[in-house]
Amino acid sequence: MAKTKIVAAGAALVVLIIIAAFSMMSIVQSKTVADVEKAVVTESKEDGASLKWKKVSAADGYYIYCSEADKDDFEKVATVKGGNKREYTVDKLEQATPYDFYVTAYKDSKDNVESKEYQVFSACTKPKKQNISKIESNDAGVMSVAWEINPKALGYEIQYYEGDGKDFSKAQSVTVGDKAIGDYKFDKLTAEKTYAARVRTYIKYGEDNIYGEWSKAASVKIAKKIEMPADLDKSKPMIALTFDDGPGYNHSSDKILDVLEKYNVRATFFMVGENAKDHPENLKRKVKLKCELANHTWNHDHYGANVTAADIKKATDAIKKASGGHVPTAFRSPGGNTTDTIRKECKAEGMPLYYWSLDTQDWKSRNADAVYKAVMNNVQDGDIILMHEIYDSTAEAVARMVPELIKQGYQLVTCEELVLAKTGKMPEAGTQYMNATTIKNETS
């Protein structure tokens, strides 16, 4: 009986030893965690990098370490809680900069258990997205594009094509391999056509180029060759008669064109797009008489700050369609008030803006004598004269003033011809002129 008890006690002791052994093994295992494997960068961004790694089954989470390449001064930049997590994006990094990373696994304990071995892997952030600071065409067939300098750039790539900037699939590319250069000039382009451009930065990383995102596309109408009309004499005085709000819904517009045709002179017509679409023959006659087609918004409902880019663009499209393909080459806002939005859209469409230096107030008087006297008593060389083509009283005044102005030696020209003759340069898109030589800079 005693022997049996001894054997039983011995068996119990063995069991206790085995349990203790397993407990010791568990304690040892709890103080270690496996290393992270297959850690890589899956995507580089301007200000960050997305990382991915193989899950460590016993881990409670992961630590992300980062250092600028070759500096070897790693710091913990993130703690990813959860052993099943295996992706993370490091942010707030510098653009166009190489970085080194490594990932370790950790296990929650008072001893802060962390895997000991790790593999360093690298990536380079992308250059920041470019911005085009200027696009213009002041010389025939030439387009100048300027952009922000990126101090970390190796160079820049520019794409351009004839179009509105919505589809660059057929664009041509030019590389500027000097980071200090922030502009490029394209020549031999088709005059009076719209060209679009975009730009991006590139850097060198290893054997490869890394490119930033393309800038927002910008476009400009290419300037035409500067040619003074053969019938103009720059040494003699000249003025520009301008007419708003047409084409007329009566016969006054046709009467004004009859006078211009009779005396072989030209004028500029700032037309409302909604009216233009209904009078294609009127527009085609203006083109035939070499008058200047100009934009006065779509329906004249918006003034100053309420004028939108769409108000202008819609009128341009209507005038182009009604005239048989001739785009307006000038703009005047209803009331004359100009904003940055208006200037920007006009510049994009290649249109200068024109205010006036002599206001006949024909809309107010509706009196032919008053309109005639307003011009004849005040006209000066270089004037831009404001009238409206929708009043019979104005048409009657024009019939009287045109032969008298010619008799006094004035040449009657378009706004574009006036500025060109007086300055020797084509008027600049987005710039507003009060007369032949005076620029109106303020906005409202």
Side-chain angles (χ1 to χ4, degrees), residues 127-151 153-202 211-228 295 309 312-313 316 327-331 338 340-354 415-416 419-420 422-433 437 439-441 443:
K128 69 177 182 179
K129 183 177 180 179
Q130 273 291 353
N131 288 313
I132 290 179
S133 57
K134 182 184 293 185
I135 183 168
E136 59 186 8
S137 178
N138 295 324
D139 299 315
V142 176
M143 174 177 69
S144 297
V145 181
W147 56 88
E148 298 174 343
I149 294 291
N150 186 333
L154 177 62
Y156 309 92
E157 181 184 9
I158 312 114
Q159 285 188 338
Y160 72 103
Y161 77 106
E162 182 186 325
D164 59 7
K166 295 180 180 179
D167 182 8
F168 279 82
S169 61
K170 296 182 180 180
Q172 300 182 62
S173 294
V174 171
T175 297
V176 176
D178 186 339
K179 67 180 182 181
I181 294 177
D183 58 77
Y184 192 85
K185 185 174 289 187
F186 300 90
D187 57 11
K188 299 180 181 179
L189 305 182
T190 304
E192 298 190 84
K193 293 292 185 180
T194 296
Y195 280 75
R198 63 181 185 177
V199 62
R200 63 179 178 176
T201 300
Y202 70 89
Y211 292 88
E213 288 189 40
W214 288 108
S215 68
K216 184 179 179 181
S219 59
V220 67
K221 182 180 176 182
I222 305 304
K224 63 183 179 181
K225 185 177 180 181
I226 298 176
E227 292 181 346
M228 282 292 295
N295 185 320
I312 301 171
K313 185 68 171 64
T316 292
V327 296
T329 56
F331 176 82
T338 301
D340 290 337
T341 296
I342 291 171
R343 288 180 185 272
K344 183 178 180 180
E345 179 61 25
C346 287
K347 188 168 186 178
E349 294 191 32
M351 294 188 297
L353 299 84
Y354 296 97
C415 288
E416 180 179 283
V419 173
L420 174 58
K422 295 298 183 180
T423 67
K425 297 180 180 180
M426 290 290 289
E428 294 187 14
T431 297
Q432 183 169 232
Y433 298 83
T437 57
I439 293 174
K440 182 178 173 65
N441 287 318
T443 58

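For the single chain, residues carry numbers from 1 onward in sequence order. Predicted model, so just to flag it, every value in this text is computed and none were measured. Basis for what follows: all heavy atoms, side chains included, without hydrogens, waters or symmetry-related copies.
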So, for Tyr156 and Asp178, which heavy atoms are closest and what is the spacing to 0.1 Å?
-> CE1-O, 3.6 Å
Would Phe331 and Glu349 satisfy side chain to side chain contact (heavy atoms under 4.5 Å, CB included), going step by step from the backbone distance to the final call?
-> CA-CA 10 Å; Phe331 176 82; Glu349 294 191 32; over 6 Å; no
May I ask you to decide if Asp164's main-chain N or O and Ser219's side chain share a donor-acceptor pair within less than 3.5 Å?
-> no
Side chain to side chain contact (heavy atoms under 4.5 Å, CB included) between Glu416 and Met426: does it pass, once the steps are laid out?
-> CA-CA 7 Å; Glu416 180 179 283; Met426 290 290 289; 3.4 Å; yes
Step by step, would you call Tyr161 with Gln172 a side chain to side chain contact (heavy atoms under 4.5 Å, CB included)?
-> CA-CA 6 Å; Tyr161 77 106; Gln172 300 182 62; over 6 Å; no
So among Val176, Thr201, Ile135, which one has a side-chain contact (heavy atoms from CB on, under 4.5 Å) with Trp147?
-> Val176
Could you pull out the closest heavy-atom pair between Ala309 and Thr341, with the gap in Å?
-> N-CG2, 4.1 Å
For the atom pair CD (Gln432) and CE (Met351), what is the distance rounded to the nearest 0.5 Å?
-> 12.5 Å
Output for pair (Asn138 CG, Lys425 NZ), nearest 0.5 Å, gives 8.5 Å
What is the distance from atom NZ of Lys129 to atom OG of Ser215, rounded to the nearest 0.5 Å?
-> 7.5 Å
Under 3.5 Å, is there a donor-acceptor pair between the Ser133 and Glu148 side chains?
-> no
CG of Leu353 to CD1 of Ile312, rounded to nearest 0.5 Å, is 7.5 Å
Would you call Val327 and Lys221 a side-chain contact if the rule is heavy atoms closer than 4.5 Å?
-> yes
Please list every donor-acceptor pair under 3.5 Å in which a side-chain atom of residues 179-197 meets a protein atom from a residue at least two apart or in another chain.
from, atom 1, to, atom 2, distance (Å)
Thr190, OG1, Tyr195, OH, 3.4
Tyr195, OH, Thr190, N, 3.2

Kindly say whether Gly177 contributes a backbone atom to a donor-acceptor pair with the side chain of Thr175 at under 3.5 angstrom?
-> no
Quick one: which of Glu213, Glu157, Gln130 gives a side chain to side chain donor-acceptor pair (under 3.5 Å) with Arg200?
-> Glu157
From CD (Gln159) to OG (Ser173), nearest 0.5 Å = 4.0 Å
Please work out which of the three classes, parallel, tilted or perpendicular, describes the rings of Tyr202 and Tyr211, given edges at 30° and 60°.
-> tilted
At their closest point, which heavy atom of Cys346 faces which heavy atom of Ala429, and how far apart are they?
-> O-CB, 4.1 Å
Interatomic distance, CD@Glu345 vs OG1@Thr316, rounded to 0.5 Å, equals 7.5 Å
Determine, step by step, whether Lys216 and Ile132 satisfy the side chain to side chain contact (heavy atoms under 4.5 Å, CB included) criterion, reporting the C-alpha distance in whole Å, the side-chain angles of both residues, the deciding distance to 0.1 Å, and the verdict.
-> CA-CA 7 Å; Lys216 184 179 179 181; Ile132 290 179; over 6 Å; no
Distance-only, no hydrogens or angles: does the Arg343 side chain make a donor-acceptor pair with backbone N or O of Gly430 under 3.5 Å?
-> yes
